[in-house]
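Okay, so here's the structure we're looking at.
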Number of protein chains: 2
Amino acid sequence: MDIELAARQLEALGSPTRLKVYRALVRAGHDGLPVRGLQQRVGIPASTLSHHLHRLILTGLVVQERQATTLICRAVYPAMRSLVGFLVDECCLDEQCGRAGEAA
Amino acid sequence: MDIELAARQLEALGSPTRLKVYRALVRAGHDGLPVRGLQQRVGIPASTLSHHLHRLILTGLVVQERQATTLICRAVYPAMRSLVGFLVDECCLDEQCGRAGEAA
DNA sequence: CCTGTAATTCCACAGTTATCGAATTAGGTG
DNA sequence: CACCTAATTCGATAACTGTGGAATTACAGG
């Protein structure tokens, strides 16, 4: 995992709106959510949502698939997995980030 | 862990410069690093570094402690731990983010 | 082809961020 | 106190971000 990619993905998640969007998608599971459903859940105008989705897609955290007239959005789980892996491997020392030691 | 705090911390880490700063601090371990040493490692002007450090400190990811004329910076490991915890607990579904399934 | 729904793209604007030289504050030493 | 090093704060500027209404593209059905 490249540090530049990690930074871009962290930045993509680093907006309350986008984090809520992403979380909604993760919670939607494998079936994903249409943009419309996402919009109702997050409660923002369509154009704003579209911009945020675009950013999430650019970093590889989200993909879209067209089903007739609706676009289904899905979280890309492997991307999140490697991002978390980066944080743990590159940014944490084992002793300090391991569960042992102190209960946060 | 509040989603707003998570977003602010993700944003703080979501800049290549700040991510490098943070990583350097984590790697420095418990002893931390003086601002000067950090500056040499990351290679940016002091004032720029100071701003980035300030942002990291505001989100609770980094702390500073004065030792005479030098300021020692340290990564706050529990903060990273709970951020990673948030990503795993709130943004990942067990089945999809568990190590089982596929090897990323 | 006309219509309707889905979603994006266009456009504009206010607010924020990154950057860094210069000035300033903090703290120790002769 | 004068001086030195460490680091921050000030000030200014260019670039980017978030936001959302309006126009546009994409697709299906009658």
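Lettering of chains follows the sequences in order, A, B, ..., and the numbering in each one begins at 1.
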Next on the checklist: Please confirm whether the ring centroid of B:His30 lies under 6.0 Å from the ring centroid of B:Tyr77.
Outcome noted: yes

Next on the checklist: Nearest whole Å is fine: how far is D:dA26 P from A:Glu65 CD?
Outcome noted: 18 Å

Next on the checklist: Does A:Arg74 have more than 12 heavy atoms from other residues, nucleotides or ligands lying within 6.0 Å of its CZ?
Outcome noted: yes

Next on the checklist: Between B:Ser15 (side chain only) and B:Glu11 (backbone N and O only), is there a donor and an acceptor less than 3.5 Å apart?
Outcome noted: no

Checklist entry - What is the distance from CG of A:Leu33 to C1' of C:dA7, rounded to the nearest Å? => result 15 Å

Checklist outcome for this item: Separation between NZ (B:Lys20) and CD1 (A:Ile3), nearest 0.5 Å, reads 6.0 Å

Checklist entry - When the distance from CG of A:Leu49 to P of D:dG18 is rounded to whole Å, what number comes out? => result 13 Å

Next on the checklist: Does C:dT17 have OP1 or OP2 under 4.0 Å away from a side-chain N or O of B:Arg18?
Outcome noted: no

Checklist entry - Is any side-chain nitrogen or oxygen of A:Thr48 closer than 4.0 Å to OP1 or OP2 of D:dG20? => result yes

Item to check | Rounded distance (Å) that lies between atom P of C:dT16 and atom CG of B:Leu58 | outcome: 14 Å

Next on the checklist: Tell me which one of B:Val76, B:Leu33, B:Ile72 satisfies side-chain contact (heavy atoms from CB on, under 4.5 Å) with B:Leu25.
Outcome noted: B:Leu33

Checklist entry - D:dA7 P sits how many Å from B:His51 NE2, rounded? => result 16 Å

Next on the checklist: Rounding to an integer number of Å, can you tell me how far B:Glu11 CD sits from C:dT17 C1'?
Outcome noted: 9 Å

Checklist entry - Tell me: CD1 of B:Ile72 to C1' of D:dA7, nearest whole Å? => result 12 Å

Checklist entry - Is the phosphate of C:dT17, meaning OP1 or OP2, less than 4.0 Å from a side-chain N or O of B:Arg55? => result yes

Checklist outcome for this item: Closest of D:dT8, C:dT17, C:dA18 to the B:Ala46 side chain is D:dT8

Next on the checklist: If we ignore hydrogens and angles and just use 3.5 Å, is the side chain of B:Arg55 paired with the main-chain N or O of B:Ala12 as donor and acceptor?
Outcome noted: no

Checklist entry - Where along nucleotides 25-30 of chain C does protein come under 4.0 Å, by heavy atom, of base (B) or sugar-phosphate alone (S), with - for untouched nucleotides? => result --BS--

Item to check | Short side-chain N/O contact to D:dT19 OP1/OP2 from A:His52, under 4.0 Å | outcome: yes

Checklist outcome for this item: By nearest-heavy-atom nucleotide on DNA chain D, the more 5' of B:Leu53 and A:Ile44 is B:Leu53

Checklist entry - Contact class for A:Thr70 (heavy atom, under 4.0 Å): base, sugar-phosphate, or nothing? => result sugar-phosphate

Item to check | Under 3.5 Å donor-acceptor, A:Gln39 side chain and A:Ile44 backbone | outcome: yes

Item to check | OP1 or OP2 of D:dG20 under 4.0 Å from side-chain N/O of A:Ser47 | outcome: no

Checklist entry - Which of the following nucleotides, C:dA7, D:dT19, D:dA7, is nearest to the side chain of B:Gln64? => result D:dA7

Item to check | Distance, rounded to the nearest Å, where B:Leu71 contributes CG and D:dT5 contributes P | outcome: 17 Å

